[in-house]
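See structure below.
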2 protein chains.
Amino acid sequence: MSSCCAELTTAPLSEERAAEIAPVFKALGDPVRLRLLSMIGSGAGGEVCVCELTPAFDLSQPTISHHLKLLRQAGLIDSERRGTWVYYRLRPETTDMLASLLRRPAEVTA
Amino acid sequence: MSSCCAELTTAPLSEERAAEIAPVFKALGDPVRLRLLSMIGSGAGGEVCVCELTPAFDLSQPTISHHLKLLRQAGLIDSERRGTWVYYRLRPETTDMLASLLRRPAEVTA
DNA sequence: CCGTTGGATCGAAGGGTGTCAATATAGAAA
DNA sequence: TTTCTATATTGACACCCTTCGATCCAACGG
């Protein structure tokens with residue numbers, strides 16, 4: 001899973017690589033998941049308890065749990081159970097990979 | 001549509017901003033559209049003719065046209081008709097916005 | 001052991017998405 | 001105008017996705 005050098009603007013993506021990346025963007029393509037990810041990513045200590053996420057939305061607990069599962073399956077977050085509670089944290093490798101994919105090659109002094 | 005400073009990892013996204021951004025990621029959440037975007041983004045002269053895109057896939061012409069429409073509605077590409085042909089080009093402001101949103105704040109010298 | 005609480009999973013309902021064949025539209029050429 | 005070619009739009013179908021209530025599982029406290 002190479003993650004270098006503005007792939008989007010330098011060469012056409014291979015079919016395989018596109019199939020690999022698309023699901024990650026798809027996971028980001030929902031407002032609830034986007035907010036969940038930003039809450040997790042900006043959480044103090046780098047992690048957030050589910051018990052803090054669920055009440056922040058006007059959605060049922062199973063729905064939030066479902067969205068968290070999708071984010072985890074996309075490789076965007078990780079979870080860890082400690083006692084009764086479950087904590088989620090960002091996986092920066094994944095967001096970094098997407099960011100570098102979208103970045104433009106440094107202005108060819110047009 | 002502010003686009004500064006690693007919003008994802010610094011503060012929770014507002015409901016409104018999440019609703020604004022999610023559709024753009026959603027447009028990227030399909031392998032065909034990702035490949036289309038990368039072909040357009042890496043096209044010589046900054047633009048690519050539809051007549052070059054359509055035969056590159058094992059899909060019908062209406063299907064490609066549909067995906068291009070979605071990418072355009074998401075603000076990721078623009079189209080221009082010149083004579084019989086239609087040319088698509090990248091809108092870098094949009095991909096730049098996404099990239100900066102995903103970027104991490106420069107390592108707090110952990 | 002039992003009851004309670006945090007979280008995940010299941011199953012179903014409703015709306016959305018990707019794909020196609022058929023058709024429509026825009027421009028060039030005859 | 002008539003015809004041909006390049007894209008876009010329409011309508012239909014199968015599948016997927018978000019959401020919920022109901023239920024299950026794991027961990028702690030009596």
Side-chain angles (χ1 to χ4, degrees), chain A residues 13 15 18-40 43 45 47-89, chain B residues 13 15 18-40 43 45 47-89:
Chain A
L13 236 40
E15 203 168 336
E20 195 175 80
I21 298 173
V24 188
F25 279 125
K26 193 172 183 179
L28 294 176
D30 178 279
V32 174
R33 287 195 290 271
L34 222 36
R35 288 177 63 202
L36 281 170
L37 191 69
S38 73
M39 292 175 73
I40 294 169
E47 62 181 17
V48 177
C49 178
V50 176
C51 61
E52 226 178 307
L53 297 172
T54 304
F57 295 83
D58 237 11
L59 294 169
S60 70
Q61 176 267 320
T63 296
I64 298 299
S65 189
H66 172 65
H67 284 304
L68 289 171
K69 182 181 188 175
L70 292 188
L71 285 172
R72 182 159 39 78
Q73 288 175 333
L76 286 161
I77 57 176
D78 255 343
S79 65
E80 182 193 352
R81 161 161 238 138
R82 287 207 298 278
T84 308
W85 292 277
V86 176
Y87 296 85
Y88 280 87
R89 62 174 59 244
Chain B
L13 235 41
E15 204 169 334
E20 195 175 80
I21 298 173
V24 187
F25 279 125
K26 195 172 184 179
L28 293 176
D30 179 279
V32 175
R33 288 194 290 270
L34 263 187
R35 289 178 63 204
L36 281 170
L37 192 68
S38 73
M39 292 176 73
I40 294 169
E47 61 181 17
V48 178
C49 177
V50 176
C51 60
E52 226 177 306
L53 298 172
T54 304
F57 295 83
D58 236 12
L59 294 168
S60 71
Q61 174 266 319
T63 297
I64 299 299
S65 189
H66 171 65
H67 285 303
L68 289 171
K69 181 182 189 175
L70 292 188
L71 286 172
R72 184 160 36 78
Q73 288 176 334
L76 286 160
I77 57 177
D78 254 343
S79 65
E80 182 193 352
R81 163 161 235 139
R82 286 206 300 278
T84 308
W85 292 276
V86 175
Y87 296 84
Y88 279 87
R89 61 176 59 245

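Chain letters run A, B, ... following the sequence lines, proteins first, then strands; residues in each count from 1.
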Original post:
Under 6.0 Å from the CD atom of A:Q73, do we count more than 12 heavy atoms belonging to anything else shown?
Top reply: yes
Original post:
NA contact type, A:H66, heavy-atom cut-off 4.0 Å: base, sugar-phosphate, or nothing?
Top reply: base
Original post:
Got a sec? Which of residues 48-62 of chain B come in under 4.0 Å of DNA chain D, heavy atoms?
Top reply: B:C49, B:V50, B:C51, B:Q61, B:P62
Original post:
What nucleic acid atoms does B:R72 come within less than 4.0 Å of, heavy atoms only: base, sugar-phosphate, or nothing?
Top reply: nothing
**OP:** Can you pull out how bent the helix from C:dC1-D:dG30 to C:dA30-D:dT1 is, comparing the axes over its first five and last five pairs, to 10°?
**Re:** 20°
**OP:** Compare side-chain N and O positions of B:T63 against OP1 and OP2 of C:dT19 and report whether any pair is under 4.0 Å apart.
**Re:** no
Original post:
B:L70 has a side chain; which of C:dG18, C:dG16, D:dC16 sits nearest to it?
Top reply: C:dG18
**OP:** Would you tell me if any nitrogen or oxygen in the side chain of B:Y88 comes within less than 4.0 Å of OP1 or OP2 on D:dA8?
**Re:** yes
Original post:
Can you tell me how far C1' of C:dT9 sits from CG of A:L68, to the nearest Å?
Top reply: 14 Å
**OP:** Among the candidates D:dA27, C:dG18, D:dA8, find the nucleotide nearest to the side-chain atoms of A:R81.
**Re:** D:dA27
What's touching nucleotides 28-30 of chain C from the protein side, N or O pairs under 3.5 Å?
none

Original post:
NA contact type, A:Y87, heavy-atom cut-off 4.0 Å: base, sugar-phosphate, or nothing?
Top reply: nothing
Subject >> Residue-phosphate contact under 4.0 Å: A:K26 side-chain N/O, D:dC16 OP1/OP2 >> reply: no
Original post:
Where the side chain of A:R72 meets the backbone of A:I77, is there a donor-acceptor pair that is under 3.5 Å apart?
Top reply: no
Original post:
Can you tell me how far the CZ atom of B:F25 sits from the CG atom of A:L34, to the nearest 0.5 Å?
Top reply: 6.0 Å
